[in-house]
Amino acid sequence: MEDVAIIGSGCAGMGAAIYAARAGMSPLVIEGAQAGGLLTTTSDVENFPGFPEAVNGFDLVWKMRQQALKFGAHIESAVVESVDFSSDPKILRLESGGKIEAKKVIIATGSSPRMTGAKGEKELYGGLGVSACATCDGAFYRGENVAVIGGGDSACEEALFLTRFCSGVKLVHRRDQLRATQIMQQRVLTNEKIQPVWDSVLEEVLADESGRCRAILVKNLKTGGVSEIPCKCVFVAIGHTPNTKAFAGAVELDSEGYIKVRDEIKTSVEGVYAAGDCADKKYRQAITAAASGCKAAIAAANNF
Ligand code: NAP
């Protein structure tokens, strides 16, 4: 039986693993379908403290992994399919058919950005001109024209953030009214650099000869007309989906599927903690995820 099982191997999972290992808990990390988490899909990370020259997202999580292993964490390549937290020890059932028993569990499964499914979107995602994170990638498009897809607070926030670097931001929304809060709408609609493209959806991301985004095709849902918008990157901001399907019914989730926490990291079940984006729809940063992993491990080690 494990003292503590950590589900997820991104910044939150590895933050938890480093602290749990150093507390002598010999944690088992179940790394999930995407080893290293969402950050591995980002090229340069420029906002993680300690790396003034930026660090590759993959390298950063890999360094965390090495650090966790160095202090005695174990990593298993497996995906948790379902859990039973009503028993003691807690039971994790794996997709492979295996079973893990643990006294304590830290859930750090992150979230996945929702994508539109448009042609070219998947192929150019992660450094070639399709992104789901302006904070991570916006600065690479200094002086360029970019596009944002979505009409909620996230899309407005992304668009406003991008105006710091980019010469123009086309905000492509499927209706003629934003969903975002009034103040965000006002900021976006009065910003000279942001031009809304109403009633429109992303049809295709077009690549240049080097395979990087050069333009997008958008379809007007009212007229059916398709137009080409030149841009070097398209930021998709149509919401995130927390990766919490395996925990439905086992811990309390909110209406959007995020794990409900009190004291920052405690779930509704004693001895089960949640860290990072699976429980955080507000900050969603590498550093905040790593920090909450650290808190969850300290809480688990000290029976907080
Ligand atoms: P959201 O509020 O659900 O908005 C998603 C947007 O994407 C909507 O405008 C939606 O269009 C559009 N959309 C959804 N699926 C689409 C698709 N397949 N193709 C094209 N467009 C699509 O998500 P969010 O903006 O990520 O916000 C999530 C929550 O976090 C909200 O409660 C928000 O208030 C909060 N949040 C707050 C802040 C802040 O306070 N600063 C910042 C970010 C997020 P429709 O409008 O037509 O449905």
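Just so you know, residue 1 is the first one in the sequence shown, and it goes up from there. Remember, it's 1-based here, ligands and their atoms both numbered in the order they're listed. Quantities reported herein were computed from a predicted structural model and do not represent experimental measurements.
- Ligand 1 places these atoms under 4.0 Å from at least one heavy atom of E157: 39 (C), 41 (N), 42 (C), 43 (C).
- Protein heavy atom nearest atom 29 (C) of ligand 1, with residue, atom name and distance: E256 OE1, 4.3 Å.
- When the heavy atoms of M115, R179, K282 are ranked by distance to atom 3 (O) of ligand 1, first place goes to R179.
- Expressed to the nearest 0.5 Å, how far CD1 of I238 lies from NE2 of H173 amounts to 11.5 Å.
- The shortest contact between atom 16 (C) of ligand 1 and any protein heavy atom is with R174 NH1, 3.4 Å.
- Considering backbone and side-chain atoms alike, T116 places every N or O at 3.5 Å or more from each N or O of ligand 1.
- Using the six-membered ring where Trp is involved, F48 and F51 have ring planes that are tilted, between 30° and 60° apart.
- Here the side chain of E121 pairs a donor or acceptor atom with the backbone of T116 at under 3.5 angstrom.
- At the top of the distance list for atom 33 (C) of ligand 1, counting protein heavy atoms only, stands D153 OD2, 3.4 Å.
- When only interatomic distances are considered, the shortest N/O to N/O separation between G152 and ligand 1 falls below 3.5 Å.
- Atom NZ in K63 sits 10.0 Å away from atom CG in N56 (nearest 0.5 Å).
- Remark: minimum distance from atom 27 (O) of ligand 1 to any protein heavy atom is reached at S154 OG, 3.8 Å.
- Ring pair F247/F85 is parallel by interplanar angle, where below 30° counts as parallel and above 60° as perpendicular.
- Of the possible polar contacts, one joining the S167 side chain to the G143 backbone as a donor-acceptor pair under 3.5 Å is found.
- Distance from atom 23 (O) of ligand 1 to its nearest protein heavy atom, with residue and atom name: G239 CA, 4.0 Å.
- Salt-bridge check for E228 with R214: passed, with a basic side-chain N closer than 4.0 Å to an acidic carboxylate O.
- Contact annotation for atom 25 (O) of ligand 1: protein present (non-hydrogen atoms, distance under 4.0 Å).
- Separating the CG atom in L171 from the SG atom in C156 is a distance of 6.0 Å, to the nearest 0.5 Å.
- Side-chain contact check for V83 versus V105: every heavy-atom pair is 4.5 Å or farther apart.
- Under 4.0 Å from ligand 1, the heavy atoms of H173 that appear belong solely to its side chain.
- For ligand 1, the polar-atom distance check against G151 finds a nitrogen or oxygen pair separated by under 3.5 Å.
- Per-atom contact check: atom 38 (C) of ligand 1 touches the protein, criterion being a heavy-atom distance below 4.0 Å.
- Taking only nitrogen or oxygen atoms, main chain and side chain alike, R175 reaches within less than 3.5 Å of ligand 1.
- At least one donor-acceptor pair under 3.5 Å links the side chain of T267 to the backbone N or O of V272.
- Protein heavy atom closest to atom 22 (C) of ligand 1, with residue, atom name and distance, is I238 CG2, 3.5 Å.
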